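Take a look at the structure set out below.
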Amino acid sequence: MTALGVFLSANKKKRMQVFSELSEFNEQLIMNLKFDKNPLDKVAQSYKYIPTALKGGKVLDGKDGEVISDYFVNLGKSDALSQIDYLNGRKEMLAKYREESQTNYKKYSSLYVKIFFMLGVLMAVLMA
């Protein structure tokens, strides 16, 4: 039963990881545009979810997926100064999503595991 709780918390964990990566990628991209000028795919290759999102793939569903696709639709479409302004403007929004997803993961993942552990114990007691 505990495994079911872990399985249910997997979406919360993935959401937390995606928004953490996206926030870090945003910071790295700003630095890249200021100093290195590497291509987007080279900057993205050290991440797990960013290359998929960069190619237009779906990393998350629903509103989160729309936020991510809206973020990537404007990357690489203008000059470096405009891109830096765009990325700086997105920094606060990404920080908000990152914090929210981390809070939800911490709150709900342990809750799911505990609930299903208790259900397993309850079932074992009832069967005995």
Side-chain angles (χ1 to χ4, degrees):
M1 277 308 243
T2 306
L4 185 59
V6 172
F7 176 74
L8 289 175
S9 69
N11 285 338
K12 303 282 185 200
K13 183 176 182 180
K14 182 179 179 183
R15 183 175 186 260
M16 178 196 68
Q17 289 173 332
V18 168
F19 281 116
S20 291
E21 273 192 10
L22 193 56
S23 183
E24 186 180 320
F25 174 73
N26 191 65
E27 292 296 324
Q28 188 175 2
L29 204 52
I30 291 170
M31 293 312 235
N32 179 60
L33 286 169
K34 288 181 179 178
F35 303 111
D36 296 335
K37 310 271 194 268
N38 290 321
L40 280 173
D41 57 342
K42 185 174 181 184
V43 177
Q45 72 187 13
S46 63
Y47 297 97
K48 181 177 178 179
Y49 298 106
I50 301 300
T52 303
L54 191 60
K55 293 176 185 170
K58 226 171 171 108
V59 179
L60 294 175
D61 295 327
K63 184 179 180 243
D64 293 333
E66 291 174 20
V67 167
I68 292 169
S69 64
D70 288 345
Y71 173 84
F72 281 104
V73 86
N74 292 317
L75 291 184
K77 303 288 189 221
S78 61
D79 63 299
L81 290 176
S82 297
Q83 287 291 297
I84 291 171
D85 289 341
Y86 171 75
L87 294 170
N88 280 324
R90 292 300 201 161
K91 190 185 298 189
E92 186 178 318
M93 184 257 323
L94 291 174
K96 183 187 87 161
Y97 274 98
R98 184 187 71 231
E99 292 299 319
E100 175 191 320
S101 66
Q102 287 174 346
T103 302
N104 282 343
Y105 173 67
K106 289 176 186 173
K107 182 171 147 184
Y108 291 110
S109 67
S110 65
L111 178 69
Y112 290 155
V113 172
K114 289 174 186 173
I115 286 173
F116 282 99
F117 175 76
M118 294 304 291
L119 285 174
V121 169
L122 179 66
M123 287 177 61
V125 168
L126 291 175
M127 294 170 86

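Note: hydrogens, waters and symmetry copies are ignored here, and every other heavy atom, side chains too, is used. Residues: numbered from 1 along the sequence shown. Bear in mind that the values here come from a model prediction, so they are computed numbers and not experimental data.
Residues Gln45 and Lys42 approach most closely at CG-O, 3.2 Å, considering heavy atoms. Contact between Ala44 and Pro51 at its shortest, heavy atoms only, is O-CG, 3.3 Å. When all heavy atoms are compared, the tightest approach of Gln83 to Asn74 is NE2-O, 3.1 Å. The two residues Leu60 and Asp64 make their nearest non-hydrogen contact at CD1-CB, 3.8 Å.
To the nearest 0.5 Å, atoms CG (Asn11) and OG (Ser101) are separated by 12.5 Å. Here the straight-line distance linking atom CZ of Arg90 with atom CG of Asp85 works out to 13.5 Å at 0.5 Å rounding. Distance check, rounded to the nearest 0.5 Å: NZ of Lys63 to OH of Tyr97 gives 3.0 Å. Atom CD of Glu99 is separated from atom CG of Asn104 by 11.5 Å, given to the nearest 0.5 angstrom. Here the CD1 atom belonging to Ile50 is positioned 13.0 Å from the CG atom belonging to Asp41, to the nearest 0.5 angstrom. Distance check: Lys58 NZ to Ser69 OG gives 7.5 Å after rounding to the nearest 0.5 Å.
Atom NZ of Lys55 has 12 or fewer neighbouring heavy atoms from other residues, nucleotides or ligands inside a 6.0 Å radius.
Linking ILVMFWY residues whenever their side-chain heavy atoms come closer than 4.5 Å, directly or via other members, places Leu54 and Leu33 in the same cluster.
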Taking distance alone, no hydrogens or angles, what donor-acceptor pairs closer than 3.5 Å link side-chain atoms of residues 17-31 to residues at least two apart or in another chain?
unit_1 : atom_1 : unit_2 : atom_2 : d
Gln17  : OE1    : Tyr49  : OH     : 3.3
Ser20  : OG     : Met16  : O      : 3.0
Ser20  : OG     : Gln102 : NE2    : 3.4
Glu21  : OE1    : Lys48  : N      : 3.4
Glu21  : OE1    : Tyr49  : N      : 2.9
Glu21  : OE2    : Lys48  : N      : 3.0
Ser23  : OG     : Arg98  : NH1    : 2.6
Asn26  : OD1    : Tyr71  : OH     : 2.7
Asn26  : ND2    : Leu87  : O      : 3.1
Gln28  : OE1    : Tyr47  : OH     : 2.5

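Side-chain atoms of Asn32 come within 3.5 Å of backbone N or O of Asn38 as a donor-acceptor pair.
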